[in-house]
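Structure first, commentary second.
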Amino acid sequence: MFFQLFTSVSADFKHIKEGDLIFQTSNSTQSIAIQKVTKSIYSHMGIVFFKNNKPYVFEAANTVKYTPLEQWIKRGVKHHYVIKRLNKPLTPDDIVKLKKIAATFLGKAYDLQFLWSDQEIYCSELVWKIYDRGLNIKIGQLQKIKDFDISSKEAQQEIKERYQQLPLEETVISPQAMFESDLLSTITRTGAQ
């Protein structure tokens with residue numbers, strides 16, 4: 001069983017390319033609130049880059065960092081993940097541009113208030129800005145906090161803990177908005193949901 005799982009995961013890795021977007025359901029404490037607010041099972045995402053010929057997920061977690069792909073997958077609920085790719089093939093120059101922008105965010109703290117500034121940054125904001133600034137590609141529809149249903153008890157608890165006053169006009173991008181973008185195609189869907 002272990003060998004079969006390892007083999008299938010390794011086979012999936014062969015299809016992964018730099019610049020791919022990867023989505024999962026996080027085990028973080030805020031995950032359920034994000035899922036309810038965005039009406040999605042996906043609450044976390046990142047972008048795949050290679051270092052020393054190995055795949056990493058560039059992500060905003062506690063900080064913006066590179067996480068080995070296998071480790072990133074294991075952190076998700078039931079190890080389920082989806083990989084999506086830009087419909088327009090990326091060139092080696094495109095990857096260089098994306099990595100150059102990514103480097104400007106490395107080490108930044110995670111943004112618990114989901115603000116649009118670059119001082120702190122959350123997962124989908126990170127990936128959106130890398131593509132926007134690197135290639136002028138806007139993946140997913142930007143929204144305002146007021147566009148979301150924040151009535152769930154989980155959302156209300158997170159709001160109470162993080163804000164004195166919720167900035168309803170704040171620009172945001174959710175993992176779900178990026179997941180639904182018609183600029184992307186699904187490459188791999190694996191693990192249990």
Side-chain angles (χ1 to χ4, degrees), residues 9-10 12-28 30-31 34 38 42-76 81-143 162 170-181 183-188:
V9 169
S10 295
D12 288 340
F13 287 4
K14 292 177 185 175
H15 301 299
I16 294 173
K17 293 184 179 179
E18 291 199 286
D20 285 352
L21 279 60
I22 186 165
F23 299 81
Q24 70 177 192
T25 305
S26 169
N27 278 305
S28 73
Q30 70 180 4
S31 181
I34 291 170
T38 63
Y42 302 109
S43 58
H44 188 53
M45 66 174 299
I47 184 171
V48 176
F49 290 127
F50 284 78
K51 293 171 61 176
N52 301 319
N53 295 316
K54 293 182 181 174
Y56 286 76
V57 178
F58 191 70
E59 64 169 335
N62 293 332
T63 61
V64 176
K65 62 185 177 179
Y66 285 94
T67 302
L69 179 59
E70 286 191 58
Q71 180 183 330
W72 192 90
I73 291 168
K74 288 176 184 175
R75 265 195 353 233
Y81 64 95
V82 175
I83 294 176
K84 292 202 167 212
R85 183 174 298 152
L86 201 64
N87 294 325
K88 171 190 166 276
L90 295 175
T91 67
D93 283 347
D94 291 337
I95 297 301
V96 168
K97 289 175 185 175
L98 292 176
K99 286 182 170 181
K100 184 176 180 182
I101 298 300
T104 67
F105 293 108
L106 189 61
K108 287 191 180 279
Y110 185 83
D111 187 355
L112 290 169
Q113 293 191 322
F114 304 103
L115 303 176
W116 197 245
S117 79
D118 287 356
Q119 289 201 300
E120 297 177 326
I121 198 152
Y122 56 92
C123 67
S124 45
E125 176 191 17
L126 175 69
V127 178
W128 195 94
K129 287 180 175 178
I130 289 171
Y131 264 95
D132 179 49
R133 294 176 187 175
L135 303 178
N136 196 29
I137 296 173
K138 295 162 178 41
I139 301 174
Q141 182 67 44
L142 294 176
Q143 295 172 277
R162 298 176 189 204
E170 189 71 32
T171 298
V172 290
I173 185 72
S174 70
Q176 183 62 20
M178 295 185 76
F179 189 88
E180 292 175 341
S181 172
L183 299 179
L184 304 175
S185 294
T186 300
I187 302 304
T188 303

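Throughout, numbering of the chain's residues begins at 1 and tracks the sequence.
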Report the C-alpha distance between Lys88 and Asp94 in whole Å, list the side-chain angles of each, state the deciding distance to 0.1 Å, and finish with yes or no for salt bridge (charged side-chain N to carboxylate O under 4.0 Å, His left out). CA-CA 11 Å; Lys88 171 190 166 276; Asp94 291 337; 3.6 Å; yes

Quick check against the 3.5 Å criterion: does Ser26 have a side-chain atom that pairs as donor or acceptor with the backbone of Ser28? yes

Taking the six-membered ring for Trp and the single ring otherwise, decide whether the centroids of Phe114 and Tyr122 are under 6.0 Å apart. yes

Do the side chain of Asn87 and the main chain of Leu183 share a donor and acceptor less than 3.5 angstrom apart? yes

Among Val96, Ile95, Ile101, side-chain contact (heavy atoms from CB on, under 4.5 Å) partner for Lys99: Ile95

Ion pair present between Arg133 and Asp118, side-chain N to carboxylate O less than 4.0 angstrom? yes

Correct closest heavy-atom pair for Leu106 and Lys65 would be CD1-CA, 3.9 Å

Please confirm whether the backbone N or O of Tyr66 pairs with a side-chain atom of Glu59, one donor and one acceptor, at under 3.5 Å? no

Closest approach of Tyr81 and Ile22, non-hydrogen atoms and distance? CD1-CD1, 3.7 Å

Kindly give the heavy-atom pair with the smallest separation between Asp132 and Lys138, and that separation in Å. OD1-NZ, 2.5 Å

Check for a donor-acceptor pair, side chain of Thr38 on one end and backbone N or O of Ile34 on the other, with a separation under 3.5 Å. yes

Looking at Lys129 and Trp116, would you say the former's side chain and the latter's main chain have a donor-acceptor pair under 3.5 Å? yes

